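Order of listing sets the numbers, starting from 1, for every ligand and every atom in it. Nothing here was measured: the structure is a model prediction, and the numbers come from that model.
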Amino acid sequence: MTAPTMESTIGALLAARKGILAADESLPTIKKRFADINVPSTEESRRSYREMLFTTRGLDEFISGVILFDETLRQKAKDGVLMPETLVEQGMLPGIKVDKGAVVLANFADEKITQGLDGLRERLKEYRELGACFTKWRAVITIGEHIPTRTCIEANAEALAMFAGLSQEAGLVPIVEPEVLMDGNHSIGRCEEVTTVTLNSVFAALFEHRVVLEQMLLKTGMVLSGKDCAQKADVPEVAEATILCLLRSVPAAVPGIVFLSGGQSDEAATQRLNAICRVSDVPWRLSFSFGRALQAPAMKIWKGSADNVAAAQEALHHRAKCNGLAVEGKYSEQMESAHT
Ligand code: 13P
């Protein structure tokens, strides 16, 4: 496999009607997800689940790339072909989560810092050799009474910028992901404020670290009311707040912004994505990089059994199609009832 250039990777990832599948759950996260369907998390159960996802026929019509976890990049599909090559055969680009997770920030008990910079240059070289074309690093920002602090935002922004610089040095497109969590009872206004401060801090750090904005993607949350907020903003309000916030904070040189789903239900995430993408007058391409909102129905059907593979793949294909249409602002709720 000859490695594509960063320009061609970005072009492929942002192709019309397509988005990214995030299948890069860390070991503790996939264990939690599998526990919900009573499947033990073993190397083989994780392998066969992800093979089920990646070999869904026609997935490449709506999915341009897949973010993998380190273990998956080294695993093989049943036919003995390595997972990254399996993805390429299926018409999708392999990417890799390169951070090592978020831990408590010393002296800031309620806040997190993402680790994984030590040895990253060497790991990136290996990931490229294993076939990865792009990378992801996730920072976590929590909203609470006196948080996030500037210290937490700036420490995470600095780490994101160093990750992005190293990734571009290795010829791998960085997906820079500062996630503002939905947890809490905050209003949509508070989410907008925190997302704005966070994005401004991230782009200041990216500038200081000489990261080439044209060769990266931003992955961010939608601007939403907190999960436990009594008065939830509706879909048009979410779309308006999200677009306004991004216009104020994200330079036009960034080629694309992909949204995470962050614990929204699959249908809510699609509806909001559709409304956001309907706003046509923006300088970047907008799309999705969903984990849960793409996988949840498929995982529930799969339950670890080979007998359920075809039905689970059908459910994944349906969500990918709904989100692919949402990127074009062409999703309608009737697509859900027509499917069930
Ligand atoms: P969710 O869409 O489930 O939030 O996952 C996206 C992701 O990659 C988080 O890092």
Of the protein's non-hydrogen atoms, which lies at the shortest distance from [atom], and what is that distance?
{"atom": "atom 9 (C) of ligand 1", "answer": "E177 OE2, 3.3 Å"}
{"atom": "atom 5 (O) of ligand 1", "answer": "G291 N, 3.5 Å"}
{"atom": "atom 2 (O) of ligand 1", "answer": "S261 OG, 2.4 Å"}
{"atom": "atom 4 (O) of ligand 1", "answer": "G262 N, 2.7 Å"}

Short list, please: which atoms of ligand 1 are under 4.0 Å from a heavy atom of S289?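 Numbered from 1, ligand 1 contributes 6 (C).
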
Where ligand 1 meets F290 - atom numbers and elements under 4.0 angstrom, heavy-atom basis: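 Every atom of ligand 1 under 4.0 Å from some heavy atom of F290: 2 (O).
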
Between the side chains of E192 and S187, is a donor N or O closer than 3.5 angstrom to an acceptor N or O?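 No, no side-chain donor-acceptor contact under 3.5 Å.
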
Please work out, at 4.0 Å between heavy atoms, whether the side chain, the backbone, both, or neither of A22 comes within that distance of ligand 1.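 It is the side chain that touches ligand 1; the backbone stays farther off.
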
Sub-4.0 Å heavy-atom approach of [X] to ligand 1:
{"X": "G221", "value": "no"}
{"X": "A293", "value": "no"}
{"X": "K219", "value": "yes"}

Would you call E126 and R74 a salt bridge, taking side-chain N to carboxylate O under 4.0 Å as the test?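 Salt bridge: yes.
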
Should the pair D24-K136 be classified as a salt bridge under the 4.0 Å nitrogen-to-oxygen rule?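 Looking at K136 together with D24, the answer is yes, because their closest N to O distance falls below 4.0 Å.
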
Is any side-chain heavy atom of I153 less than 4.5 Å from a side-chain heavy atom of V197?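 Yes. Closest side-chain heavy atoms under 4.5 Å.
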
Quick one, Q75 and F69 - any side-chain contact, counting heavy atoms below 4.5 Å?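 A side-chain contact is absent here, since even the closest heavy-atom pair is not under 4.5 Å.
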
Side chains of residues 301-311: which donor-acceptor pairs under 3.5 Å do they make with residues two or more places apart or in other chains?
unit_1	atom_1	unit_2	atom_2	d
S305	OG	D307	N	3.1
N308	ND2	I301	O	3.2
N308	ND2	W302	O	3.0

Please name the pair of heavy atoms, one in V140 and one in N156, separated by the smallest distance, quoted to 0.1 Å.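 Reported closest heavy-atom pair: O-ND2, 4.2 Å.
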
What are the two closest heavy atoms between R123 and G116, and how far apart are they?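 Looking at all heavy atoms of both residues, the closest pair is NH2-O, 2.9 Å.
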
From atom 10 (O) of ligand 1, work out which of K136, R292, E179 has a heavy atom at the shortest distance.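 Closest candidate by heavy-atom distance is K136.
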
